[in-house]
Colleague: 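Before I ask anything, here is the structure I am working with.
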There are 2 protein chains.
Amino acid sequence: MGIAPSSRCRPAAQFQMVAQAKKARKETSLDTTEPGPEGRKAPTRKPRADSVRNRERLLDTARQVFAAGGSGASLEAVAKGAGVGIGTLYRHFPTREALFQAVYEREVDELVTLAETISEGVDAVTAMRRWLHGLVRMVATKRGMLTALEPALESSQPLFSNSTARLLQAAGVLLQRGVADGMIRDDVSGEDMMRAVLGICYAKQDDGWQARTILLLDVFVDGLASRR
Amino acid sequence: MGIAPSSRCRPAAQFQMVAQAKKARKETSLDTTEPGPEGRKAPTRKPRADSVRNRERLLDTARQVFAAGGSGASLEAVAKGAGVGIGTLYRHFPTREALFQAVYEREVDELVTLAETISEGVDAVTAMRRWLHGLVRMVATKRGMLTALEPALESSQPLFSNSTARLLQAAGVLLQRGVADGMIRDDVSGEDMMRAVLGICYAKQDDGWQARTILLLDVFVDGLASRR
DNA sequence: TTGCTAAACGGAGGGACCCTCCGTATATTA
DNA sequence: TAATATACGGAGGGTCCCTCCGTTTAGCAA
């Protein structure tokens with residue numbers, strides 16, 4: 001019910017999370033090509049098949065559950081939907097954030113790809129505008145996406161996740177193009193911009209939502225493009 | 001954790017709230033000069049002293065608790081802090097929102113007053129810029145304020161609260177001045193603007209927060225001021 | 001003052017979730 | 001096939017939500 005679909009908060013849990021966040025890390029980055037900084041002692045076993053399968057199921061289910069119910073959706077519902085115990089869910093994704101991150105990594109990928117392809121043969125401001133329109137369209141389609149992008153703005157994590165960094169960088173590149181051409185002011189960073197953009201995207205998605213949001217983003221881009 | 005300090009959501013509670021929202025109304029508007037549309041039958045009793053006192057205490061405590069912990073803060077903490085039972089809290093403020101609304105009505109008052117006084121003798125765009133800077137300063141001071149303003153963007157309520165309406169109107173008036181002078185585009189409503197502005201104000205409040213936010217709002221205002 | 005009674009109080013209680021812990025089950029490997 | 005490193009599941013303790021109802025008390029009239 002918050003400003004996003006149902007979204008937000010999670011009362012006092014955050015205090016425990018602080019303590020917990022550390023021992024998380026490990027399992028989350030299962031796919032980052034990281035053969036191990038320390039030379040593995042034993043020639044580690046192959047990961048168990050059921051583990052891999054469950055992880056996949058959890059991700060699939062989480063995607064659906066979050067899309068339907070916002071980030072506030074129950075983790076227990078995700079576990080049940082995936083047909084695994086709650087313990088299994090927590091083992092794979094020690095924090096709520098870890099799960100989000102894993103689920104929506106792909107969404108971010110789409111955005112990054114879009115940023116790369118969209119700027120072909122148009123001026124920087126137009127490219128920026130198109131990218132943001134694309135972003136709105138994607139957010140409109142998959143309501144969970146905003147939730148996923150939210151952590152991109154969290155400065156709490158010491159060094160943000162891979163996909164966050166890539167997202168911010170994609171924004172930064174688009175900005176830079178404009179700056180280089182003298183079409184966009186140079187005092188706004190990719191992070192700044194994404195904060196404003198995602199902020200504008202929040203809010204209840206009622207009828208005219210998409211059109212209004214695009215208008216507001218255009219206004220913002222106009223502001224970016226106004227030299228002063 | 002959310003984008004706001006701790007903020008947001010309230011898992012599944014919202015379902016019950018739907019059913020509950022109706023019987024709320026009444027007590028909340030205790031101070032709106034409303035002598036009663038229907039002629040009172042019996043010459044109603046004077047409200048009990050303890051009731052008035054408790055209501056006041058709850059508001060005071062809630063102000064502090066929300067400021068410290070965001071809107072996600074426990075209502076039970078508020079009740080305990082005020083030295084009353086949880087039941088008493090719920091009798092006075094049947095929904096979480098009712099409590100917010102009552103607590104922050106005054107904050108909105110400040111904003112509205114600011115909007116009225118700030119536009120003395122300056123052009124419309126400058127007035128708008130100053131008002132937004134003032135808003136950021138206020139948000140920075142009282143962290144709970146954003147939480148309070150959030151419902152301003154909820155289109156869920158059939159007709160929004162009094163203070164919400166006044167806030168949006170204040171924004172609208174500032175906009176109109178600029179439109180009349182031809183300095184501000186005419187296709188953005190007060191509601192649109194507040195959505196963008198409050199959206200931009202969200203996000204973790206880390207060190208450079210205030211300065212960055214002001215920059216982003218300036219960019220937005222530049223966008224508003226660019227005729228096209 | 002004293003009683004009466006409407007109004008207000010408080011907190012137990014049933015639910016939903018959160019996250020942890022640990023005994024049990026099983027996929028890999030030898 | 002046996003040994004064992006891994007993974008599984010869910011009970012359990014905790015927080016918070018909101019409702020319900022027996023108890024207390026402030027206003028008012030006698």
Side-chain angles (χ1 to χ4, degrees), chain A residues 1 6 9-24 26-27 30 40-58 65 69-80 82-99, chain B residues 1 6 9-21 23-24 26-27 30 41-58 65 69-80 82-99:
Chain A
M1 86 180 333
S6 108
C9 113
R10 186 83 7 209
Q14 61 196 106
F15 294 111
Q16 282 114 298
M17 275 193 193
V18 172
Q20 179 196 171
K22 278 160 195 129
K23 81 173 167 186
K26 192 53 56 52
E27 304 210 51
L30 193 145
R40 291 263 126 90
K41 318 218 156 206
T44 41
R45 269 191 179 188
K46 172 167 85 173
R48 281 176 53 158
D50 53 350
S51 173
V52 175
R53 190 180 348 111
N54 282 335
R55 184 190 178 83
E56 216 52 42
R57 275 196 202 156
L58 280 168
V65 170
S71 63
S74 156
L75 294 191
E76 283 173 343
V78 174
K80 182 171 295 184
V84 307
I86 186 67
T88 297
L89 183 152
Y90 274 97
R91 199 168 333 93
H92 282 288
F93 307 99
T95 66
R96 190 178 206 75
E97 274 65 35
L99 181 53
Chain B
M1 76 190 335
S6 110
C9 112
R10 187 78 14 203
Q14 61 199 105
F15 294 111
Q16 283 114 298
M17 275 193 194
V18 173
Q20 177 198 173
K23 80 173 167 186
K26 191 54 56 53
E27 307 209 50
L30 193 147
K41 316 218 158 206
T44 41
R45 266 191 181 187
K46 172 168 84 171
R48 281 177 55 156
D50 55 348
S51 172
V52 175
R53 189 178 350 110
N54 282 336
R55 184 192 178 82
E56 215 54 40
R57 275 195 202 157
L58 280 169
V65 170
S71 63
S74 156
L75 293 192
E76 283 173 344
V78 174
K80 182 171 294 184
V84 306
I86 186 67
T88 297
L89 183 152
Y90 274 97
R91 200 167 332 94
H92 282 290
F93 307 100
T95 67
R96 190 179 206 75
E97 274 64 35
L99 181 55

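In the text below, chain A, chain B and the rest are named by the order of the sequence lines, each starting its count at 1.
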Colleague: OP1, OP2 of C:dA8 versus side-chain N and O of B:S51: anything below 4.0 Å?
Modeller: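 For C:dA8, OP1 or OP2 has a side-chain N or O of B:S51 closer than 4.0 Å.
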
Colleague: Out of C:dG10, D:dA11, D:dC17, which has the shortest distance to the side chain of A:I86?
Modeller: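 The answer is D:dA11, which lies nearest to the side chain.
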
Colleague: Tell me the interatomic distance from B:L89, atom CG, to C:dA12, atom P, rounded to whole angstroms.
Modeller: 17 Å

Colleague: Nearest-nucleotide wise, let me know which of A:G87 and B:G87 is further upstream toward the 5' end of DNA chain D.
Modeller: A:G87

Colleague: D:dT15 P sits how many Å from B:L75 CG, rounded?
Modeller: 16 Å

Colleague: Given atom NZ of A:K80 and atom P of C:dC17, what is their separation to the nearest angstrom?
Modeller: 9 Å

Colleague: What's the CZ-P distance between B:R57 and C:dA8, to the nearest Å?
Modeller: 16 Å

Colleague: Name all residues meeting the side-chain hydrogen bond (donor to acceptor under 3.5 Å, both in side chains) criterion together with A:R53; count only those two or more places apart in sequence or in a different chain, and write none if there are none.
Modeller: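 A:R53 satisfies side-chain hydrogen bond (donor to acceptor under 3.5 Å, both in side chains) with no residue once adjacent residues are dropped.
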
Colleague: Take atom CG of B:L99 and atom C1' of D:dC17, then tell me their distance rounded to the nearest Å.
Modeller: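 Roughly 14 Å, once rounded to whole Å.
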
Colleague: Give a yes/no answer on whether the side chain of B:T88 brings an N or O atom under 4.0 Å of OP1 or OP2 in C:dA8.
Modeller: no

Colleague: Which protein N or O atoms sit under 3.5 Å from an N or O of nucleotides 24-29 of chain C?
Modeller:
| from | atom 1 | to | atom 2 | distance (Å) |
| --- | --- | --- | --- | --- |
| C:dT26 | O2 | A:R48 | NH1 | 3.1 |
| C:dT28 | OP1 | A:A49 | N | 3.0 |
| C:dT28 | O2 | A:R45 | NH2 | 2.9 |
| C:dT29 | OP1 | A:K46 | N | 3.2 |

Colleague: Rounded to whole angstroms, how far apart are OH on B:Y90 and C1' on C:dA12?
Modeller: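 About 15 Å, once rounded to whole Å.
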
Colleague: To the nearest Å, give me how far apart CZ (B:R55) and C1' (C:dC9) are.
Modeller: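 For the pair B:R55 CZ and C:dC9 C1', the rounded distance is 16 Å.
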
Colleague: Within this structure, what is the CZ-to-C1' distance between B:R91 and C:dG11, rounded to whole angstrom?
Modeller: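 In whole Å, C:dG11 C1' and B:R91 CZ are 11 Å from each other.
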
Colleague: Report yes if a side-chain nitrogen or oxygen of B:S74 is closer than 4.0 Å to either non-bridging phosphate oxygen (OP1 or OP2) of D:dC17; otherwise report no.
Modeller: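 So the side chain of B:S74 is within the cut-off, an N or O lying under 4.0 Å from OP1 or OP2 of D:dC17.
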
Colleague: Quick one: side-chain contact (heavy atoms from CB on, under 4.5 Å) partners of A:A82, sequence neighbours excluded?
Modeller: A:R57, A:L58, A:T61, A:V84

